[in-house]
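Heads up: the structure comes next, in structure tokens.
Sequence lines set the chain letters: A, B, ... in the order given, protein chains first and strands last, and positions in each chain run from 1.
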Amino acid sequence: MTELIWFRNDLRLGDNPALTAACAGNAAVEACFLPAPGQWADHDWSPNRTDLLLRSLDQLGQDLAALGIPLHIRSIDRFTDTDTELLALCRERGITRIHANEEYAFNERIRDHRLTGALNHQGIALHIYRDQTVVPVDQLKTGNGTPYTVFTPYSRQWWRWVESHPPRLHPAPAARGAPLPPPALPELTAWRSEHVDWLAGGEGAAHRALEGFIDQRLGAYADQRNYPAVPATSQISPYLALGVLSPRQCLVAVQQRTGAESPASAAHTWLNEIAWRDFYIQLLYQFPRLSRHQAFKPETEALPWEPAGANLEAWKAGRTGIPLVDAAMRQLNTTCWMHNRLRMVTAMFLTKNLFVDWRLGEQYFMQQLVDGYLPSNNGGWQWSASTGTDAAPYFRIFNPVTQSERFDPEGTFIRHWVPEIAHLQGKKLFNPNGTVAGYPAPIVDLKQSRQRAIERFKALGKG
DNA sequence: TAACTTTTTCT
DNA sequence: GAAAAAGTT
């Protein structure tokens, strides 16, 4: 009898509940990963993200081989091909039990549900373990027993739960046999990218990034995280998105490296972002429509979005004529990552000023981001578009010029990414307003478009 | 995880 | 007449 650990969104040895369970006994342990490029395409996964995935998978295969655990990489096209491939592997290798960590998006849950039946029919058990969050997705409920849909009360309960349940990490397994040759990776050329060279793959790199952040930048995080010109953020989101790092490891690392029982305020601010991540994951789990291109607030489906067209293309290209928006989009297009404040600014500009359907922005972000992750990306977009849970009130519309004055006061970030206006001084830099040859005039009037958005949302209530 | 407008307060 | 506070969207 052989145990199989099926890696999905958890490309790590450390703190991996399914891996720990697979290695609990003395039976032989083998591992598998099933790349599904057809499904990746359906989910708008970026080659930037899958490049990091494949490099991390490569590292995982080597680490497993060193422990004497073979990793079988069997490419399929879509989730519907999973049963055939897994059953064949189980038959080949004499596997009777499969362990995997839970995934929370709709298609993944359907896959696992169907699979359980198909496998049981063949006498193979599929064991699923809670993962991806600090607090289990169905743990926190309001007084009515309903899921939380507002962050503030959720986070209160989140902290209370975390303090009464200090996370205990699953240790990485010990060697189970003689070292093996590392597995070969499939080519998947279309899913490779050269734009994410700056980011190293694998668990070791992820932990170095996490520890470097805590040691060098965590103290200043609360004060500086909103300034895109300052490298104040942790930059570990790509690893969390792929499960190369677990959020529980983040929590424990903060406690251990700061030597604090309960987190100080700087640590608190950062860990609250982990709570936001948990919040959005539990929402995706509780409300399947979020996985299916639907608004959390159904009434917002009636909003008369503008035809996307040239405005969407200008936004994507970073040629809207609004410097902070353009700088942010160019950062995204070049580095496959964008500062969080700018994600809000650019999303708000697309959905409120250009009044383009949030789904198109959400999709473009997924197609570019190295850290694209459905729960956070969808949550963030619906927050900005005021269609989601705990969303920005529709009348609270960011003014991208005011945002630049506040969060890029020296213009450092704008000058870096929009060099054609770098010579401008003072407030001119934040809104050249068509005065620089070679840089577009604003493609939309900020004041008028703000008013238009407010009126359209207001009309919803009367309908 | 605002912005804008109007009103009031303070020198 | 500026700055702060309050009200509106």
Let's see if you can work this out: which of dA3(B), dA2(B), dT9(C) has an atom nearest to the side-chain heavy atoms of Arg396(A)?
dA2(B)
May I have the distance from Lys458(A) (atom NZ) to dT8(C) (atom P), rounded to whole angstrom?
12 Å
Find the distance Leu324(A):CG to dA3(B):P and express it as a whole number of Å.
12 Å
Interatomic distance where CD belongs to Glu455(A) and P belongs to dT9(C) [whole Å]
11 Å
Set of residues satisfying salt bridge (charged side-chain N to carboxylate O under 4.0 Å, His left out) with respect to Glu108(A), sequence neighbours excluded:
none
Report yes if at least one side-chain N or O of Asn340(A) is closer than 4.0 Å to OP1 or OP2 of dT1(B); otherwise report no.
no
Report the residues that fulfil salt bridge (charged side-chain N to carboxylate O under 4.0 Å, His left out) with Arg341(A), sequence neighbours left out, ordered by chain and then residue number.
none
Can you check the Leu460(A) CG to dT9(C) C1' distance for me, whole Å?
15 Å
Taking CD from Glu405(A) and P from dA2(B), how many angstroms apart are they, rounded to a whole number?
15 Å
Contact check, residues 443-451 of chain A vs DNA chain B, heavy-atom distance under 4.0 Å, returns Lys447(A), Arg450(A)
Pairing residues for Asp44(A) by the side chain to side chain contact (heavy atoms under 4.5 Å, CB included) criterion, not counting sequence neighbours:
Gln363(A), Met366(A), Gln367(A)
Quickly work out the Asn399(A) CG to dA3(B) C1' distance and round it to whole Å.
7 Å
Check the distance between dT1(B)'s C1' and Leu342(A)'s CG and give it to me in whole angstrom.
13 Å
Report the distance from atom CZ of Phe395(A) to atom C1' of dT8(C), rounded to the nearest whole Å.
9 Å
Less than 6.0 angstrom from the centroid, inside 45 degrees of the normal: does Arg8(A) satisfy that with respect to the ring of Phe33(A)?
no
Check whether NZ of the Lys or CZ of the Arg Arg130(A) lies under 6.0 Å from the centre of the six-membered ring of Tyr285(A) and within 45 degrees of that ring's axis.
yes
For residues 324-355 of chain A, pull every pair meeting ring-ring contact (aromatic ring centres under 6.0 Å, His included), keeping only residues two or more places apart or in separate chains.
Trp305(A)-Phe355(A)
Does Arg406(A) put a side-chain nitrogen or oxygen below 4.0 Å from OP1 or OP2 of dA3(B)?
yes
Taking only residues two or more places apart in sequence or in another chain, which ones pass salt bridge (charged side-chain N to carboxylate O under 4.0 Å, His left out) with Arg192(A)?
Asp51(A)
